Amino acid sequence: MVRIGIAGAGAIAAIHVDAFKMFPEDVQVVAVADIFIDKAKALIDKRGRRAEAFGDIHEMIDKGGIDAVSICLPPSDHASVSLYAMDRGKHVLCEKPMASSLEECDAVIRSAEKNGVIFFPVCQNRFKTPIERVARLKEGGRLGKLLFGEFRSLWWRGENYYDIWWRGTWEKEAGGCFTSHAVHYIDLMVRLLGMPDSVRAVTTNVGHHNSECEDAGCAIFMYGSVPVVFISSLVTSGEPQSIHLDFEKASIDIPWSVSASTALPNGFPQEDEEGERAIDEAYHGIPELELEGHPAQLKAFIDTIEGRSQAAVDAADGRHTIELIMGIYLSSATGEKVTFPIGPDSPVYTTEGLVRTMPRFFRKTKSLDNFSTSEITLGRNIGK
Ligand SMILES: NC(=O)c1ccc[n+]([C@@H]2O[C@H](COP(=O)([O-])OP(=O)(O)OC[C@H]3O[C@@H](n4cnc5c(N)ncnc54)[C@H](O)[C@@H]3O)[C@@H](O)[C@H]2O)c1
């Protein structure tokens, strides 16, 4: 039985508690901490748990009788709390983004290794059937070489989304829509395609006047000579999120569809129905995941702690995503191509460097302690 402490009792914490509750034999939430202790108490009461409420995270880690901590805090606290917990032998599951700088990511990677504990960055979309199936088709050589790609991370948030105190500053949130939302699809890009060689990007803020950071942007990642276009926004009603990949043998989309073509004598396309059928059958032949999203990843975390499975993700996976986002920011600020990897000599390696490098699109003038509701949505289901 793994005893969990939840750090931060806001919107995503409720989703963690509900997910852990699905595995009563394996895990128990025994403590919840929030600077607003009433939020910790309310989360415990509302979810019908017997757990202790703390007003201080460090006290929960020291005295809460926990084996692992689930970090559901604003991004600027992710690394410091991870390091504090891991130095005390606690395993860590940390919400996205894993940290607010590459310097912090590197400290977390070193600490997990030094302390011999498990660190999972939350990247729940990896744990979805379509992603698993496409990854396996690609790895099995069913699709051939990649020729072109497009990731659409399009979301919608009202202006008041940025009224909460920690959102909309380079220092506390470490960026705008790329850090907060596209982080999911950038992680999926790395899962499916690996790390690119370089990026060129443009970012802007078109509709969120209480945020210093971007709310829309475009990036072009290069994988050798293959471009992968990545678009990100917080101004797109309906949130039409999708992945499109052109391979030698077929083009695929998530939500799932497949198209294949052969050339007529004049080079125009003719539908390759047989090719499409073969890939579609192979796709549906890969079993659906039993669990998806947060429940799947939280269960994988527990199973890894208990030695029942190998770590499905680790701190290096979380760092890859931050590295690509920092590449986007540096390119958008300088107008130059940025090549990977990004190391300590980069201007965006530290939070101070990021704050110095990036433009402030607007000044954050409004700051609330809490919203009146913590209802949230987790984006469009990327479908079966
Ligand atoms: N994986 C996902 O799909 C997903 C979805 C939403 C949010 N998130 C991530 O989860 C994290 C939290 O987001 P949220 O929407 O739950 O925010 P939130 O503001 O609703 O919750 C954060 C909570 O942390 C508490 N807190 C802040 N600083 C603290 C401190 N020093 N000590 C104790 N408590 C403190 C706040 O009082 C608040 O209750 C963010 O990093 C966000 O990016 C992930």
Side-chain angles (χ1 to χ4, degrees), residues 5-19 31-44 46 53-61 64 69-85 92-100 104 120-128 153 155 157 160-169 171-188 213 234 239 241 292-298 301 313 318 321-322 325 367-382:
I6 307 272
I12 201 67
I15 286 166
H16 283 223
V17 173
D18 285 349
V32 179
D34 199 288
I35 27 170
F36 297 99
I37 194 168
D38 287 348
K39 286 181 82 174
K41 286 181 183 154
L43 181 67
I44 293 166
K46 200 164 161 206
F54 290 85
D56 181 281
I57 292 172
H58 303 104
E59 197 186 334
M60 177 184 81
I61 293 169
V69 59
S70 198
I71 298 182
C72 300
L73 297 165
S76 56
D77 284 327
H78 287 184
S80 61
V81 175
S82 296
L83 294 172
Y84 187 89
V92 171
L93 174 83
C94 182
E95 264 300 343
K96 56 81 183 167
M98 157 183 167
S100 42
E104 290 181 352
F120 262 39
V122 172
C123 45
Q124 80 270 16
N125 292 300
R126 280 191 184 209
F127 298 78
K128 295 260 171 91
S153 173
W155 305 66
R157 292 292 179 269
N160 54 344
Y161 177 76
Y162 282 103
D163 291 353
I164 209 82
W165 60 272
W166 58 267
R167 287 202 185 119
T169 70
E171 198 195 343
K172 293 228 159 13
E173 201 178 5
C177 59
F178 277 102
T179 299
S180 58
H181 290 75
V183 61
H184 292 296
Y185 279 80
I186 290 178
D187 175 65
L188 295 180
C213 312
L234 287 185
E239 305 191 328
Q241 295 142 22
E292 296 202 339
H294 275 97
Q297 184 164 17
L298 272 47
F301 176 62
V313 292
T321 313
I322 310 293
I325 293 169
S367 195
L368 297 178
D369 281 349
N370 285 297
F371 285 130
S372 58
T373 173
S374 45
E375 291 278 303
I376 60 166
T377 50
L378 294 183
R380 284 272 285 253
N381 192 336
I382 51 182

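Counting convention: from 1, in listed order, for ligands and their atoms alike. These figures come from a predicted structure and were not determined experimentally. Values reported hereafter were calculated over all heavy atoms of this structure, with side chains retained and with hydrogens, waters and symmetry mates removed.
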In the protein, what heavy atom is nearest to [atom], and what distance, to one decimal place, separates them?
atom                    : value
atom 16 (O) of ligand 1 : I12 N, 2.9 Å
atom 1 (N) of ligand 1  : E95 OE1, 2.9 Å
atom 20 (O) of ligand 1 : A11 N, 3.0 Å
atom 34 (N) of ligand 1 : I35 N, 3.1 Å
atom 22 (C) of ligand 1 : C72 O, 3.5 Å
atom 11 (C) of ligand 1 : L73 O, 3.3 Å
atom 21 (O) of ligand 1 : G10 CA, 3.2 Å
atom 17 (O) of ligand 1 : W166 CZ2, 3.3 Å

Going by the atom numbers of ligand 1, which of them fall below 4.0 Å from some non-hydrogen atom of [X]?
X    : answer
D77  : 28 (N), 31 (N)
H78  : 41 (O)
R167 : 15 (O)
P74  : 24 (O), 27 (C), 28 (N)
F36  : 37 (O)
L378 : 3 (O), 5 (C)
H184 : 1 (N), 2 (C), 3 (O)

For [atom], which of the options [options] provides the nearest non-hydrogen atom?
atom                    : options             : value
atom 41 (O) of ligand 1 : K96, H58, K39       : K96
atom 38 (C) of ligand 1 : I57, D34, N125, D38 : D34
atom 3 (O) of ligand 1  : Q124, H181, E173    : Q124

Keeping the roles fixed (side chain from [X], backbone from [Y]), state whether a donor-acceptor pair exists under 3.5 Å.
X    : Y    : value
T179 : A174 : yes
H78  : L73  : yes
Q297 : G293 : no
N160 : D163 : no
Q241 : S153 : no

For [X] and ligand 1, does the shortest N/O to N/O distance drop below 3.5 Å?
X    : value
I164 : no
V122 : no
W165 : no

For this session: Would you check if V17 and I6 make a side-chain contact, meaning some heavy-atom pair closer than 4.5 Å?
Result: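 Contact flag for V17/I6 side chains = yes.
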
Exercise. Does E239 pair with R157 as a salt bridge, N-O distance under 4.0 Å?
Worked result: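 Answer for the salt bridge query: yes.
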
Exercise. Of all residues at least two apart in sequence or in a different chain, which pass the side-chain hydrogen bond (donor to acceptor under 3.5 Å, both in side chains) check with K172?
Worked result: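 Per chain and number, K172 pairs via side-chain hydrogen bond (donor to acceptor under 3.5 Å, both in side chains) with no residue.
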
Problem set entry | Pairing residues for D38 by the side-chain hydrogen bond (donor to acceptor under 3.5 Å, both in side chains) criterion, not counting sequence neighbours |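 Applying side-chain hydrogen bond (donor to acceptor under 3.5 Å, both in side chains) to D38 gives none.
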
Exercise. Quick check: are there more than 12 heavy atoms from other residues, nucleotides or ligands sitting under 6.0 Å from CD of E59?
Worked result: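 Above 12, so yes.
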
Exercise. Has R167 got its NZ or CZ under 6.0 Å from the middle of the six-membered ring of Y161, at an angle within 45 degrees of the ring axis?
Worked result: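 Yes, cation above the ring, under 6.0 Å and within 45°.
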
Problem set entry | 4.0 Å heavy-atom contact, A9 with ligand 1 |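 Checking ligand 1 against A9, which is what was asked, there is a heavy-atom contact under 4.0 Å.
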
Exercise. Do H16 and E95 have side-chain N/O donor and acceptor atoms under 3.5 Å apart?
Worked result: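 Indeed, the side chains of H16 and E95 share at least one donor-acceptor pair under 3.5 Å.
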
Problem set entry | Distance in Å, W166 CH2 paired with D369 CG, rounded so as to fall on 0.5 Å steps |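 Result: 14.0 Å between the selected atoms.
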
